[in-house]
Amino acid sequence: AQSVTQPDIHITVSEGASLELRCNYSYGATPYLFWYVQSPGQGLQLLLKYFSGDTLVQGIKGFEAEFKRSQSSFNLRKPSVHWSDAAEYFCAVGAPGGYQKVTFGIGTKLQVIP
Amino acid sequence: SQTIHQWPATLVQPVGSPLSLECTVEGTSNPNLYWYRQAAGRGLQLLFYSVGIGQISSEVPQNLSASRPQDRQFILSSKKLLLSDSGFYLCAWSPRTVGLRPGELFFGEGSRLTVL
């Protein structure tokens, strides 16, 4: 069975600083990887996804993530954080199936300070 | 465009009372439908999924049930709520995928349930 680890529960960064959120996965085959973002009291929105091909994936809102098979990681990055990026971020791993066999991490809550 | 509606947004219920959360999807046909529960520090837990009318699969044994009476309607129910049922419930849909590759999940706004 697949699993996801997000080792940082809370992260605080200054506005304009760079950001990296860590994600490690466990899956026996080539994983399908996702990053979702959740604003307070809202549902989740997909930021980006990796299925195959180029290991550096571009997403919405200026985010990118890099798939590193050797490290079983799929870290999310943004070069310059904006106050509106404050939210909770979820990494997820999916497996092939007739439905979305997606397993989510516990999330990383991002705080942005002026 | 596709939209997903979930209601009620908030609900406070006494222990032992029934529950009904509803979710409808517009702008697509034959979606896969899901109910997730989110608890603080525990991420999202898949409760139920459905690949068609009347087809419900449960991922976790619990006090809850789900039904899909129409193609784009998904209902989460309980006959008697427990304190442990409190949480944030999210409905989601995904398109049927080619080659069984998982695609994007589209989430509703969520329903916060407090059981007292």
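In what follows, chains are A, B, ... by sequence order, proteins preceding strands, each numbered from 1.
Residues B:Val15 and B:Leu81 are not in side-chain contact: their nearest non-hydrogen atoms beyond the backbone lie 4.5 Å or more apart.
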Show me, pair by pair, the donor-acceptor contacts under 3.5 angstrom made by side chains of residues 109-116 of chain B, not counting sequence neighbours?
unit_1	atom_1	unit_2	atom_2	d
B:Ser111	OG	B:Gln6	NE2	3.2
B:Ser111	OG	B:Pro8	O	2.6

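B:Asp71 places a side-chain N or O within donor-acceptor distance of the main-chain N or O of B:Asn30, the cut-off being under 3.5 Å.
Scanning residues 55-87 of chain A against chain B with a 4.5 Å non-hydrogen threshold yields no residues.
Residue A:Ile9 does not touch chain B at all, counting heavy-atom pairs closer than 4.5 Å. At a 4.5 Å heavy-atom cutoff, A:Gln6 makes no contact with chain B through either its backbone or its side chain. Using a 4.5 Å cut-off between heavy atoms, B:Leu44 contacts chain A through both its backbone and its side chain.
Both B:Trp35 and B:Leu19 are part of a single hydrophobic cluster, where members link through side-chain heavy atoms under 4.5 Å apart. Hydrophobic clustering (side-chain heavy atoms under 4.5 Å, transitive across Ile, Leu, Val, Met, Phe, Trp, Tyr) groups A:Tyr89 together with A:Ile11. Taking hydrophobic clusters as Ile, Leu, Val, Met, Phe, Trp and Tyr residues chained together by side-chain heavy-atom distances below 4.5 Å, A:Val4 does not share a cluster with A:Leu46.
Just one residue in the list B:Tyr49, B:Phe48, B:Phe74 forms a side-chain contact (heavy atoms from CB on, under 4.5 Å) with B:Leu33, and that residue is B:Phe74.
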